[in-house]
Amino acid sequence: MRAREKTQALAVVLLLVVSTGASAGGPLVFSGTGVPYIWDIPISYRTDRGSLGIMTNAAAIDLVENAFAMWSAIPTANLSFVNAGLLTNDVDTVSEFNAVDGCTPGSSAIIFDADGSLFTALGFSSGVIGFAGPSCITTSAPFRITKGIAALNGKWRDGNLSNGELTADEFFGTFVHEFGHFINLDHNQVNGHFFIGDTDDPGFVTFGSPLITDAEIMFPFALDGMDSTPKKDDAVAVSALYPAATFLSSTGAITGHILRSDAVTPFKGADVIARNVLDPFGDAVSNVSGARFTSGGSTTLRGLYELYGLTPGANYAVEVVRVNPQFTGGSGVGPLSPPVSLPGPEEFYNGAGEAAVNPPDAPLAFVPVPSVAGVPTTGIDVILSGRAPEPPPPPPPAEIHDLALISIKAPTAVLPSSIARAVYVKIQNRSDHAETIPDMATLKKVVGLQVLPFGGPCRPEPVVTYRQRSMPVTLKSKGSITVVFDVVLACANDPARGVGHEDYSFVATIKHSMLPGAVPDDHPVDDVCPRDALATPGHIDPNPDSSIVDLGCGKKKPNGTFGLPVKTDVYLP
Amino acid sequence: MDDRNRGRKLASALIVMIALFTCSGSAAATTMRHQTFSELVQEAERVFVGVCVSALDGELVQPGGWAVPYTEYTFEVRQVLKGQLGQHLTIRQYGVREPRPTSDGRLALASRLPAMPVYQPGQTLLLFLIGDSSLGLTSPVGLAQGAFRIVSEGGKRMAVNGFNNAGLFRGLPPSALSAHPPLSSEELGLLATNRGPVGLDSLLSLARRFIP
């Protein structure tokens, strides 16, 4: 169970005693006021009496002592273990297990399950290799771990490949890690996440790739090839819990807060890593922001990170990265499960350039932070970038509204008649979208035809008769239709026939504004016919997409363009 | 080869070689092997979708007076993929859900294995359970690896285990990929999933392929 989950589960029993925030590169269990639990030193334990897989009891005890020694050998920590001898019984059954579990009397028990039968009896599936941790704690200050337990499943070292097998190194490394939890260390994330695909940290981008041997022992996943030696971050974590007398005075520290883009609100759950610029993977220390903050603790702990054990005189690049999202539940790193995403890109501390936006705060730009022995460098606050504000989407291009007249065709010469003659007016949709003429009434308003008499009393009224299609009609962009007007040319103003004796001319108009929506036409120059060719280079109409050459409307001119009047001669025989 | 290149080469070789999960919490920690999805199905004696209807802590008193703490869960079984199950199933998992205070003011923490899933009444789950031990205790295959909460996302039923499905489909046997009938596009989508909730129906469909 992850620490925060535990807080919920234990609420009734613990009240404010244990909230168990967790801190990557730091402690696993805290008091309700943010004080980490520790053991009194030395830590005493007893070992089981039986064998462990192919290992004799003596070999198993060696393994345990060597695994504990990996932690006690850290020179900056005051940590030691005492093997107090063998347990009273060989723990083979669940009852015997319960006799040494929890807060039962006696030293902490290290149990060797020779063949996995105890694990099986406990109802654990075959994949469980072992477990370890504190089993009993005080509920008031001083906050102490008073007993622990560990169990090692010998099935994984029984020489039988068919039921799963680990190498001696893997098995040993597993329990170095487990004993790290036994002394109250949380998981951490410094270099190991590079090997599970998280390669774009600013630190990796800037300093290159770590070696697998740089992977920290408290990394949540065991990686093939990693060794069993606690790394700098592991060592600092245990030294912070169990400091040697000179730990704080002989090393440097960097502290600060991780802040949201408003530069005020603390951000909890970011992994903060200080990398020595001259040894970025070997000399690197981490802490998750806000790890020590609990509901009962000081609010100054919100967003706080604390990086101890730094090399005096070295310069550190401080980076803020996300906790890998795979580290959830029991594999979690830090106080939050699942881990939170950063609100912006992962980034370095950038000194005076710290800001919520880039520029000035480029994620890969960093200002080294010096480490001074015994003098913490404080106030190294990092303002997380908000997501770079998305550029406002370009305004949608304004719609083009353009209906155009492109031709009028009328009879050249006719006899007077009460029979209607057809005048064809061709229109084109030069809008960038389809236009719909919903009905005949609208069509009559949109397209008009005037019959202009020359010098006489006859004034025929044209009547629009849109014959070809049913209504409504939709004109796609650049599409055209012909509107037919019936005109009764019953009399002649000039009965003679021939050029100069024409009786009528025709002028068509088109009004986009008469369509539903009443949007005026963007390009009225082509709204009348006859008219000249467009006065644009190449007579190109920019609407809708500069693909239309407009040579005018009306009768053809000698120069090949159009624009002369369209006339009809009514003559008498 | 300089260190940087060496590291890069190692990275490419190791990126898929996660062998173990370590699982901390409850002040203790567990290390377990990463189990493929096919192993979850094959090692389970019971695979079912059910709704947790009750959770009770109890103790099993053993000869000599030692009590084995357990949590008893009862499920209303909705869908069975493997095993002979009735409408209800009651199981016992080692450990109680809450630490136990002692008379001298301390608190016994190690009453439940880290990564041992806990179920809440009302939760719908897909569980891959091993057989009962001699004491009648069980747990999901791979502990939290074999316990999937069913959640609804956008009206679709999704399944996610206690490790956020990390690496769930890694290391599947090639036979799974050449199965007949061919994998559906949804099943192929699962195989490309590195983590995060996946569609329950697709997951069940894939699971059936590993059930003889």
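Chain letters run A, B, ... following the sequence lines, proteins first and then strands; every chain starts at 1.
- Contact of A/Ser95 with chain B is made through backbone and side chain together, with heavy-atom distances under 4.5 Å.
- Pairs of residues two or more places apart, or lying in two chains, that qualify as salt bridge (Lys or Arg N to Asp or Glu O under 4.0 Å) and include a residue from residues 134-155 of chain A are A/Asp40-A/Arg144.
- The stretch residues 54-72 of chain B participates, sequence neighbours left out, in these salt bridge (Lys or Arg N to Asp or Glu O under 4.0 Å) pairs: B/Asp57-B/Arg97, B/Glu72-B/Arg92.
- Chain B forms the most heavy-atom pairs under 4.5 Å with one residue out of A/Ala150, A/Gly164, A/Gly180, A/Gly127, and that residue is A/Gly127.
- No donor-acceptor contact under 3.5 angstrom links the side chains of A/His181 and A/Asp186, judged on distance only.
- Contacts of B/Thr138 with chain A are made by backbone atoms alone, with heavy-atom separations under 4.5 Å and no side-chain atom involved.
- For B/Gln93, no part lies near chain A; criterion is any non-hydrogen pair under 4.5 Å.
- Summarising the geometry of A/Ala284 relative to A/Phe281, their closest heavy-atom pair is CB-O, 4.2 Å, with the distance given to 0.1 Å.
- Highest contact tally toward chain A, considering only B/Glu43, B/Glu39, B/Arg106, is held by B/Arg106 [criterion: heavy-atom pairs under 4.5 Å].
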*Can you check side chain to side chain contact (heavy atoms under 4.5 Å, CB included) on B/Leu85 and B/Phe75, steps first, answer last?*
CA-CA 11 Å; B/Leu85 303 180; B/Phe75 298 92; over 6 Å; no

